[in-house]
Amino acid sequence: MSAPVHSASPSPGPSPVRYELLGKDADARAGILHTRHGEVPTPAFMPVGTQATVKALSAEEVASTGARMAIMNTYHLWLRPGEAVVRELGGLHEFSRFRGALVTDSGGFQAFSLAARNKLSEDGFAFSSHLDGKKLQLSPEEAMRVQAALGADVAMQLDVCAPGMSGRPELIAALERTTRWAHRCLAARDPEQAVFGIIQGGSEVDLRLRHAEELSALPFDGLALGGFSVGEPPEQMHRTLAQVAPRLDPSRIHYLMGVGTPRDLLIAIRHGVDLFDCVMPTRNARNGQAFVTGGRLVIRNQRFRLDRAVLDESCDCAACTGGYSRAYLRHLYMAGEILAHRLLSLHNLRYYARLVAGARTAILEGRYESYFDTKMRELGD
RNA sequence: UCCAGCUUAGCUCAGUUGGCAGAGCAGGCGACUGUUAAUCGCCGGGUCCCAGGUUCGAGUCCUGGAGCUGGAG
């Protein structure tokens, strides 16, 4: 469809991203992901900005919550406005005005979540666009070409994400194809862009370990765990993570894709996960739920009608320091006012950022278990 | 004063040849995990304006009344 964005450089420069491990506490890790758009202290949580925007928030507001890295979406931006438009306008950083580091998801998850709209083959996903029905082919090479045009710091390989309760044959087929696509994605990569591989295998520990080994043999700049929180019970994911995450190549960053609840994060960090993304803080915010010390508040609940308290006394987000009462936020939400979505999104992202920042400090100070126990107790639910 | 239409859930309204009273919104509660999501699900709710009549059975048909709206005078 179009020429490569960059010609291969004769002598590849330094890797576009580099993971630096600063300290460990048991299996939990604290480090820094060095990128051309800043250093990302890890463990880190990435807000999801599917359409080159974290819904309801400006790029400055996202940064103000403490997020140093965000994830955007290849499939959605490919369809609209089109990767050529984004490239023409200077790439995703310039286009979206997000100053931190960026990763683009490859579209593999849309193949899962929009399964009814596409057909899987060895050459990728034959999509029917959810916008206009247009037929599109997302091959490993096309996913890399689009991501290179979008210009994030990190591209994700195209992968096959099997549903959570798949049997071993499907899980094996998915991970084997993902490995073949891993080679194709690396061959098609833009040398200026980091690429992460995606480990599949569902809840089967032996498959996960086998796939981790296969992908670790390849020159990926990071290792992601995909195919979690796709329908299986959370405890099942936790058990699998406990056996798999600590054995991942320690020299590379460990990214758990699409996860999750505060509890999921605390558990995954304990097993050595460094990076997360999830729609939960922002989607739930827009659906009226606030994450607070002690659990979650459904802001539309009648009990908040006359509640003068802010969402969380111990929170330093714009909504809480601004003094916006639960009663006012409830009113805004019930009235359908956009400000409710904005303030709750700011609050929830700040909650997630503080959760992982607290974990990082605790790891570096050798007291993660105590942090873990305290936070898990606070969560209650 | 006459004529016509209307009166059913908090609100706006459906309700077939007479056969177990409904929807949307509002309200209450819940869900949400690499976003097709300011989305989705569940629930509470009734003197069907009133009084008679016909009928096995009336929100529905008949008679009378009340209120509201519009028109005429």
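Because only heavy atoms are used, hydrogens play no part in the values below, and waters and symmetry mates are left out as well, while side chains stay in. In the text below, chain A, chain B and the rest are named by the order of the sequence lines, each starting its count at 1.
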Worksheet item: Taking a pair as Watson-Crick or G-U wobble with both distances under 3.5 Å, which nucleotide is matched to B:rA21?
Response: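 Its partner is none (no Watson-Crick or G-U wobble pair with both distances under 3.5 Å).
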Item to complete: Look through every strand shown and name the nucleotide pairing with B:rC49 as Watson-Crick or G-U wobble, where both distances are under 3.5 Å.
Response: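 B:rC49 is paired with B:rG65.
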For [X], which contact category applies under a 4.0 Å heavy-atom criterion: base, sugar-phosphate, or nothing?
X        : result
A:Asn73  : sugar-phosphate
A:Leu131 : nothing
A:Leu256 : nothing
A:Gln200 : base
A:Thr282 : base
A:Ile71  : sugar-phosphate

Worksheet entry | Spacing of the C1' atoms in B:rU17 and B:rU55 (rounded, Å) |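 Comparing C1' positions in B:rU55 and B:rU17 gives a spacing of 15 Å.
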Discussion item. Is it the case that the ring center of A:Phe276 lies less than 6.0 angstrom away from the ring center of A:Tyr352?
Written reply: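 No - the distance between ring centres of A:Tyr352 and A:Phe276 does not fall below the 6.0 Å cut-off.
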Discussion item. Between A:Gln193 and A:Ala152 (side chain of the first, backbone of the second, donor and acceptor by atom type, cut-off under 3.5 Å), is there such a pair?
Written reply: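 Checked: pair present.
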Fill in: Sub-4.0 Å heavy-atom contacts from residues 42-50 of chain A onto RNA chain B, ordered by number
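Here the set is A:Val48, A:Thr50.
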Worksheet item: Distance check: side-chain N/O of A:Ser113 vs OP1/OP2 of B:rG34, anything under 4.0 Å?
Response: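 False: A:Ser113 side-chain N/O out of range (4.0 Å or more) of B:rG34 OP1/OP2.
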Discussion item. It should be established whether A:Lys55 places a side-chain nitrogen or oxygen under 4.0 Å from OP1 or OP2 of nucleotide B:rU35.
Written reply: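 A:Lys55 to B:rU35 OP1/OP2: no side-chain N or O under 4.0 Å.
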Discussion item. So if I define the base as every atom that isn't primed, P, OP1 or OP2, how would nucleotides 26-31 of chain B read as a B/S/- string at a heavy-atom cutoff under 4.0 Å?
Written reply: -SSBBB
Fill in: Presence of salt bridge, A:Asp25 and A:Arg367, under 4.0 angstrom
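No, no charged N to carboxylate O under 4.0 Å.
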Discussion item. Please tell me whether A:Asp312 and A:His347 have a donor and an acceptor in their side chains that are separated by less than 3.5 angstrom.
Written reply: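 No pair is found: no donor N or O on one side chain lies under 3.5 Å from an acceptor on the other.
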